[in-house]
Amino acid sequence: MKSYLYFILALTCILFNCNRFEEEFVNGGNGPDPTGPRTPDDVIADFKAIDFQPGINDVSIESTTEGYFWNFRVIVPEDASELNKKPMIFSLHGGAQNTAPEAHKNTDCLISPGIENIIDAFVVSPNSNSYLWYHQLNQIQILALHDLITSNLPVDIDKMAITGYSDGGNGSWFYAQYYPHLFNAAIPLATSYNTAKNDGSIEAFAHPLYVIHGENDQLFPLEITQGFVNESIAAGSEIAFVVASGLDHYSVCDYLPYFRDAAVWLNTLWNN
């Protein structure tokens with residue numbers, strides 16, 4: 001895993017120009033930081049130094065870009081161990097471009113009560129840092145966190161899923177489509193994601209999805225999302241599509257009963 005993680009972290013500087021981020025985030029535009037660049041070893045060491053405890057762990061670690069931090073929550077199952085590995089679910093928050101500094105801590109609305117007494121899993125909730133989830137910075141963050149967590153915590157690598165609401169739901173579609181080696185199921189909620197590629201082609205998803213959409217979603221009309229889902233199913237994707245009766249886009253916590261049904265679906269998928 002180490003060489004793969006080195007590749008992921010090195011991309012941060014290659015793709016995004018470390019000096020530019022140092023000027024923007026560290027020195028307020030007053031020139032490069034004199035302390036020198038961070039390395040993948042620094043990030044790995046910082047992660048290994050975290051004392052993860054059962055329950056909620058709110059974490060902030062610096063990436064390989066000086067002054068650019070990944071803020072995330074990891075909820076650790078009580079009895080997780082190397083002899084009792086647990087599933088892992090990434091949960092992507094909505095409002096990715098206008099995110100609050102603590103948006104990754106909003107796990108009490110859907111994900112935590114949604115899986116309670118159904119799936120005993122690690123929950124990983126990253127912060128988008130005000131970028132859409134498919135922005136390259138967030139791709140690097142999610143790939144790196146995925147690798148760090150699966151390499152250092154007792155995760156069952158055969159049971160890994162991604163979910164999200166609104167922007168986070170679009171993100172869960174994206175990672176299910178382009179990173180099928182990371183997750184073997186996805187649960188997008190309140191989304192509008194066109195699965196067609198730039199050339200107009202549509203390919204089947206490698207793993208199943210359970211898509212939930214509000215009947216009265218005023219931001220992403222139901223018929224548009226239904227059309228995208230139907231096109232993907234026609235291409236061979238395995239997708240369960242559930243309409244949340246009477247719900248609009250902004251009644252986030254009211255989707256809980258539907259998410260619990262999705263958790264039952266996920267648990268069945270993993271254990272059959």
For this session: Take T191 and W173 through the test side-chain hydrogen bond (donor to acceptor under 3.5 Å, both in side chains) and record every step on the way to the result.
Result: CA-CA 9 Å; T191 74; W173 274 104; 3.0 Å; yes
For this session: Apply the test side-chain hydrogen bond (donor to acceptor under 3.5 Å, both in side chains) to residues Q226 and N230: give CA-CA distance (whole Å), side-chain angles for both, the deciding distance (0.1 Å), then the verdict.
Result: CA-CA 6 Å; Q226 177 77 76; N230 289 344; 2.9 Å; yes
Problem set entry | Full working for side-chain hydrogen bond (donor to acceptor under 3.5 Å, both in side chains) between Y131 and Q136 | CA-CA 9 Å; Y131 293 98; Q136 291 96 326; over 6 Å; no
Exercise. Would N129 and N71 satisfy side-chain contact (heavy atoms from CB on, under 4.5 Å), going step by step from the backbone distance to the final call?
Worked result: CA-CA 8 Å; N129 278 319; N71 303 299; 4.0 Å; yes
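Of the N and O atoms on the side chains of N152 and K48, at least one donor lies less than 3.5 Å from an acceptor on the other residue. A donor-acceptor pair shorter than 3.5 Å cannot be found between the side chains of K105 and N127. In the model, R38 has no side-chain atom that pairs as donor or acceptor with a side-chain atom of T65 under 3.5 Å. Side chain to side chain, Y179 and Q139 meet the donor-acceptor criterion of an N or O pair below 3.5 Å. Under 3.5 Å, the side chains of N84 and S81 contain no donor-acceptor pair of N or O atoms. If you check the side chains of N184 and W270, you find a donor sitting under 3.5 Å from an acceptor. A donor-acceptor contact closer than 3.5 angstrom is absent between the side chains of N272 and T268.
At least one donor-acceptor pair closer than 3.5 Å links the side chain of E215 to the backbone N or O of G246. The backbone N or O of I187 lies less than 3.5 Å from a partner atom in the side chain of T163, making a donor-acceptor pair. No side-chain donor-acceptor contact under 3.5 Å links S128 to the backbone of W133. D79 places no side-chain N or O within 3.5 Å of a backbone atom of P77 that could act as its donor or acceptor partner. Of the possible polar contacts, none joining the N267 side chain to the A263 backbone as a donor-acceptor pair under 3.5 Å is found. Judged purely by atom type and a 3.5 angstrom limit, R260 uses its side chain to pair as donor or acceptor with the backbone of E116.
Of the candidates F69, W70, F72, S60 forms a side-chain contact (heavy atoms from CB on, under 4.5 Å) with just one, namely F69.
The shortest non-hydrogen separation linking D248 to S251 is OD1-OG, 2.8 Å.
Partners of S232 by side chain to side chain donor-acceptor pair (under 3.5 Å), not counting sequence neighbours, listed by chain and number: S237.
Atom CG of N170 and atom OG of S192 lie 6.5 Å apart (nearest 0.5 Å). Here R73 contributes atom CZ and I56 contributes atom CD1; the two are 4.0 Å apart, rounded to the nearest 0.5 Å.
Ring-plane geometry between F47 and F52 is classed as tilted, the angle between the planes lying from 30 to 60 degrees on a 0 to 90 degree scale. Aromatic ring orientation, H213 versus F220: tilted (interplanar angle from 30° to 60°).
Sorted by first then second residue, the side-chain hydrogen bond (donor to acceptor under 3.5 Å, both in side chains) pairs that include residues 199-211, not counting sequence neighbours, are K197-E203, D199-S201.
Residue I202 shares its hydrophobic cluster (ILVMFWY side chains chained together at separations under 4.5 Å) with no other residue.
When ring centroids are compared, Y193 and F228 stay outside the 6.0 Å threshold.
Salt-bridge annotation for K86 and D156: absent, with no side-chain N of the basic residue lying under 4.0 Å from a carboxylate O of the acidic one.
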